[in-house]
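Each chain gets a letter, A, B and so on, in the order its sequence line appears, and its residues count up from 1. Below, each value reflects all heavy atoms present in this structure, side chains not excepted, and no hydrogens, waters or symmetry copies. For clarity, every value in this text was computed on a predicted model and none was experimentally measured.
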There are 2 protein chains.
Amino acid sequence: MRSSLNGTARSGDRVRAVRSPSLVPSDSAGLGFGSRIVLGDCIQVLDALPPASVDLIFADPPYNLQLQRALHRPDDSLVDAVDDDWDQFESFAAYDAFTRAWLKAAKRVLKPDGALWVIGSYHNIFRVGTALQDLGFWVLNDVIWRKANPMPNFRGRRFTNAHETLIWASRDAKARYTFNYEALKAGNEDVQVRSDWFIPLCTGDERLKDGAGRKLHPTQKPEALIARVLLSSSKTGDVILDPFFGSGTTGAVAKRLGRRFIGIERDPAYAAAAEARIALIDPLPEASLANFTTAREAPRVAFSSLVERGLVTAGTVLTDDKRRYVATVRPDGSLMSGPQVGSIHKIGALVQGAQACNGWTFWHVNDNNGRLSPIDALRARIREEMGVL
Amino acid sequence: MRSSLNGTARSGDRVRAVRSPSLVPSDSAGLGFGSRIVLGDCIQVLDALPPASVDLIFADPPYNLQLQRALHRPDDSLVDAVDDDWDQFESFAAYDAFTRAWLKAAKRVLKPDGALWVIGSYHNIFRVGTALQDLGFWVLNDVIWRKANPMPNFRGRRFTNAHETLIWASRDAKARYTFNYEALKAGNEDVQVRSDWFIPLCTGDERLKDGAGRKLHPTQKPEALIARVLLSSSKTGDVILDPFFGSGTTGAVAKRLGRRFIGIERDPAYAAAAEARIALIDPLPEASLANFTTAREAPRVAFSSLVERGLVTAGTVLTDDKRRYVATVRPDGSLMSGPQVGSIHKIGALVQGAQACNGWTFWHVNDNNGRLSPIDALRARIREEMGVL
DNA sequence: ACCTGACCTGAATCACACC
DNA sequence: AGGTGTGATTCAGGTCAGG
């Protein structure tokens, strides 16, 4: 397999562009001037690049998921798992060795003031972060990608795995890394951008499909995520390197944002799809580059947050407006009526024998004057604090 | 077993309860029955506790590298790349050794089905997560505490560090850990709780002050955060251990929520402040804390018992809710569909060509009005008779 | 054109009691 | 202790067909 990846390379030159490996920057593949996709093993390709030649690296390495068995949704449909060969490692030690090897090679090609982003999940991100630190990278932030629409936990055995983690690190502690603070703040209603980013998954038209209409790549990232990475920590004209290029999202975003890129990918099918994808991208007019706003928070408020903040205390007895029914607040934000436990809505429906009930308007607390006040009034106070109306 | 929890203090031990190290559980310090604060080094105290005696551990370990002079010698630290900055490697190695030592000691005192939470930031959480995995803990989720009111980044050189990371891990991959899924969902608008939690910092009256009005402890965590941890992954009466007790937030929340706790703290001033703080806590009313039976835990009912009791008679034809499939009840409680005979679940799956099927909710009978009613409703009547809801 | 509802899908470490 | 059978469990958002 490995030989086929670079079998066309000349002796002593394992680095080759998918197409037109010219010696000067060109754009015959439509990737943008100075940009290219290189087919091959990422460590070998990195080792063949000149040292200190890259401004920023974005890496989406294998996560080393350790899936035990098939998973079905409650409707019995099968979850399309990431079970590709490239994500299989024998042990944590094997994964660590792989991680240290590519990080070390990546560090060599970074300019002295360069920086690196890596994305991962709890399966691998701790290994990556530890390796980074051991190799002398200097962590600047860990950033949370909060998924707007994550896959639920179908068996109800854990919290919804609703985020992934990115680590942003400079080459070393002395590096004068790029951070476009003012532009980010200006695009964020004049508030500093936080370390938690709320961005939807890559779905719909943005998701690349194969000939049969199936997803081309199992882990394609949303362009909005990469755009925020590049806009925050690179400049126009910078060279961005992605050692696990996959479907080429980094290249697509880099081209659109006026950055150059080097994408390394060992699967020829992915590399070809990426090339075709990126060729269709039109760079944005320079004037328009740095505008993004953070997504609005979902205005949903959990009853449990009222309990957490002490607006309603556990043990409080709620009633309806005519004091016909009662229920007791539990510390987890559920309600109890006799032996029944459930949400404010479920228990509201249950005590009335109704199909459904809006618990926010149904249930009331006694205010200081002995008058009843709906819990919805308390929710409004939380929303005010959140800045959401 | 419970008496042995506090029967190990001997003269010469550095393990000592702050007050009243009695041989039986007591509450002379007002901490709640079975709860206590132990003064001493966390590893030594952990080693003196009986094995497999703790349900849940919550740990907020130090990450300040200056604390390392008190750390233990490196045990199995990995010697790796030769070009690393030696000083830095040394300090990380010392932190790793400390982390592995306390995690190993913590694992010993956990019950087989116990679990552990650790909180940290990008300075230390990767080291902790790696050590956890290497020691055989099984990560269940990483959870993001999104701070409602984080400290801004004053110099404008990074993203606002607006979150901290918690790792929730069971003692090992086989552990049947506690997760109060239904109650959490009920308190969250009937939507399962995600891995990102939005909670304010500990400020105002909740923040403990010293005599001069300065904050008593530099990293006091909000009670709301700990409450969500304990409510999600422990039961009333469980023993919660906090090896870095500090200002005693874990104890305060545990007492309020009807859990027992063991707090280990090496600073007598913190331990004393924690004790005083916790003594003032009133546990919530028992009515709001009662454990309840979830659908998973409800006693099994055999379909044959419905037939035996005449709730369904042999020969009845069952259908699904859309009357697409039929099957006939046999006197032994099995179903027959054509030539196939099997359980309500097996036949339900078979007629649909599905992997699995919950026969209780799939199959229906015609009630007196000619409407369909799931056989699960009949099971509920049996469970009522049994006194279980 | 617009609405409704059925159907599909996403980096997932997703049982457990009983014999 | 290993094999077997029961039976509990999903959210947001997109597409697409049909009215």
**Q.** Any side-chain heavy-atom pair of A:K346 and A:V341 under 4.5 Å
**A.** no

Q. Base, sugar-phosphate, or nothing: which does A:A148 touch, judged by heavy atoms less than 4.0 Å apart?
A. sugar-phosphate

(Q) Tell me if the centroids of the rings in B:W168 and B:W117 come within less than 6.0 Å of each other. (A) yes

Q) Under 6.0 Å between ring centres, would you say that holds for A:F245 and A:Y270? A) no

**Q.** Rounded distance in Å - CG (A:N153) to C1' (D:dC11)
**A.** 12 Å

Q) Of all the nucleotides listed (C:dT13, D:dT15, C:dG10), which has the minimum atom distance to the side chain of A:D80? A) C:dG10

Q: Could you say whether A:M151 or B:K346 is positioned toward the 5' end of DNA chain D, judged by the nucleotide with the nearest heavy atom to each?
A: B:K346

Q.
Need one value for A:V79: base, sugar-phosphate or nothing, where a base atom within 4.0 Å counts as base even if backbone is also close, heavy atoms only.
A. base

Q: Select one nucleotide: of C:dT13, D:dG7, D:dT10, the one nearest the side-chain heavy atoms of B:A356.
A: D:dG7

Q. Any side-chain N or O of B:H345 under 4.0 Å from OP1/OP2 of D:dT6?
A. no

**Q.** Watson-Crick or G-U wobble partner of D:dA8, both distances under 3.5 Å
**A.** none

Q) According to a strict under-4.0 Å criterion, is A:Y95 in side-chain N/O contact with OP1 or OP2 of C:dT13? A) no

(Q) Salt bridge check, A:D242 against A:K221: does any charged N sit closer than 4.0 Å to a carboxylate O? (A) no

Q: With DNA chain D as reference, determine whether A:G204 or A:P152 sits nearer its 5' end, using the nearest nucleotide of each.
A: A:P152

Q) What is the nucleic acid contact for B:E297, judged by heavy atoms within less than 4.0 Å: base, sugar-phosphate only, or nothing? A) nothing

Q: Could you work out the separation of D:dT6 and C:dA12 based on their P atoms and round it to a whole Å?
A: 31 Å

Q) Does D:dT6 have OP1 or OP2 sitting under 4.0 Å from an N or O in the side chain of B:S343? A) yes

Q: State whether the distance check finds a donor on one side and an acceptor on the other, under 3.5 Å, for side chain A:K221 versus base C:dA11.
A: yes

(Q) What contact category does A:W86 fall into here, base, sugar-phosphate, or nothing, at under 4.0 angstrom with non-hydrogen atoms? (A) base

Q) Is a salt bridge present between B:R194 and B:D196, judged by a nitrogen-to-oxygen distance below 4.0 Å? A) yes

Q: Please state how far atom CD in A:Q88 lies from atom C1' in C:dT13, giving the value in whole angstrom units.
A: 11 Å

Q) OP1 or OP2 of C:dA11 sitting under 4.0 Å from any side-chain N/O of A:R207? A) yes

Q: Could you tell me the separation between the CD atom of A:Q66 and the C1' atom of C:dA12, rounded to a whole number of Å?
A: 12 Å

Q. Going through the distances and angles, do B:Y177 and B:W138 end up as a ring pair (Phe, Tyr, Trp, His ring centres under 6.0 Å)?
A. CA-CA 11 Å; B:Y177 55 91; B:W138 190 245; over 10 Å; no

Q.
Please report the distance separating the C1' of D:dA8 from the corresponding atom of C:dA11, rounded so that it comes out in whole Å.
A. 25 Å

Q: Identify whether the distance between the nearest side-chain nitrogen and carboxylate oxygen of A:K147 and A:E164 falls below 4.0 Å.
A: yes

Q) Taking O4'-C1'-N9-C4 for purines and O4'-C1'-N1-C2 for pyrimidines, is C:dT13 syn (within 90° of 0) or anti? A) syn

**Q.** Out of D:dT9, C:dG10, C:dC14, whichever nucleotide has its closest atom nearest the side chain of A:Q68
**A.** C:dC14

Q: Could you work out the separation of C:dC14 and D:dG7 based on their C1' atoms and round it to a whole Å?
A: 15 Å

Q | Nearest to side-chain heavy atoms of A:S77, which nucleotide of C:dA11, C:dA15, C:dT9 | A | C:dT9

Q: Evaluate whether the aromatic ring of B:W138 and the six-membered ring of the C:dT13 base sit under 5.5 Å apart, centre to centre, with an inclination under 30°.
A: yes

Q. Does a side-chain N or O from B:K185 land closer than 4.0 Å to OP1 or OP2 of D:dT10, or not?
A. yes

Q: Pick base, sugar-phosphate or nothing for B:R296, based on heavy-atom distances below 4.0 Å to the nucleic acid.
A: sugar-phosphate

Q) When we call it a touch if two heavy atoms are under 4.0 Å apart, what does A:P150 touch: a base, just sugar-phosphate, or nothing? A) base

Q) Which residue lies toward the 5' end of DNA chain C, A:E164 or A:R155, if each is placed at its nearest nucleotide? A) A:E164

(Q) By the 4.0 Å heavy-atom rule, please label B:D142 as base, sugar-phosphate, or nothing. (A) nothing

Q) Can you tell which of D:dG14, D:dT15, C:dC14 lies closest to the side chain of A:T203? A) D:dG14

(Q) Rounding to an integer number of Å, can you tell me how far B:D376 CG sits from D:dT9 P? (A) 10 Å

(Q) Could you identify the nucleotide paired to C:dG5, looking across every strand shown and requiring Watson-Crick or G-U wobble geometry with both distances under 3.5 Å? (A) D:dC16

Q) A:H163 NE2 to C:dA11 C1': how many Å, rounded? A) 12 Å

Q.
Mind checking if A:P222 touches a base, just sugar-phosphate, or nothing, with heavy atoms under 4.0 Å?
A. nothing

Q | Distance-only donor-acceptor test (3.5 Å): side chain A:R73, base C:dG10 | A | yes

Q.
So, does A:K215 get its side chain near the phosphate of C:dT9, meaning an N or O under 4.0 Å from OP1 or OP2?
A. no

Q. Has B:N358 got a side-chain N or O lying under 4.0 Å from the OP1 or OP2 atom of D:dA8?
A. yes

Q: Answer with base, sugar-phosphate or nothing: what part of the nucleic acid does A:N64 contact at a heavy-atom distance below 4.0 Å?
A: nothing

Q: Please check the phosphate of D:dA8 (OP1 and OP2 only) for any side-chain N or O of B:R379 closer than 4.0 Å.
A: yes

Q: Find the distance A:R214:CZ to C:dG10:C1' and express it as a whole number of Å.
A: 17 Å

Q. How close or far is atom P of D:dC11 from atom CG of A:D75, stated in whole angstroms?
A. 13 Å

Q.
Taking any heavy-atom pair under 4.0 Å as a contact, classify A:S121: base, sugar-phosphate, or nothing.
A. nothing

**Q.** Opposite nucleotide pairing with D:dA1, Watson-Crick or G-U, both atom distances under 3.5 Å
**A.** none

Q: Answer whether the closest heavy-atom distance between the side chains of A:T160 and B:S195 falls below 4.5 Å.
A: no

Q) Touch check for A:N161, heavy atoms < 4.0 angstrom, all strands: base, sugar-phosphate only, or nothing? A) sugar-phosphate

Q. Which one is paired to C:dC14, where only Watson-Crick or G-U wobble pairs with both distances under 3.5 angstrom count?
A. none

Q) What nucleotide among C:dC14, C:dA12, D:dA12 has an atom nearest to a side-chain atom of A:N149? A) D:dA12

Q. Under 3.5 Å, is there a donor-acceptor pair between the B:Y181 and B:Q192 side chains?
A. yes

Q | C1' spacing across the pair C:dT13 / D:dG13, given as an integer number of angstrom | A | 26 Å

(Q) Looking at A:D75, I'd like to know if its CG atom is crowded, meaning that more than 12 non-hydrogen atoms belonging to other residues, nucleotides or ligands lie closer than 6.0 Å. (A) yes

Q. Reckon A:C202 touches a base, only the sugar-phosphate, or nothing at all at heavy-atom distances under 4.0 Å?
A. nothing

Q: Starting from P on D:dC16, measure out to NZ on A:K209 and report it in whole angstrom.
A: 9 Å

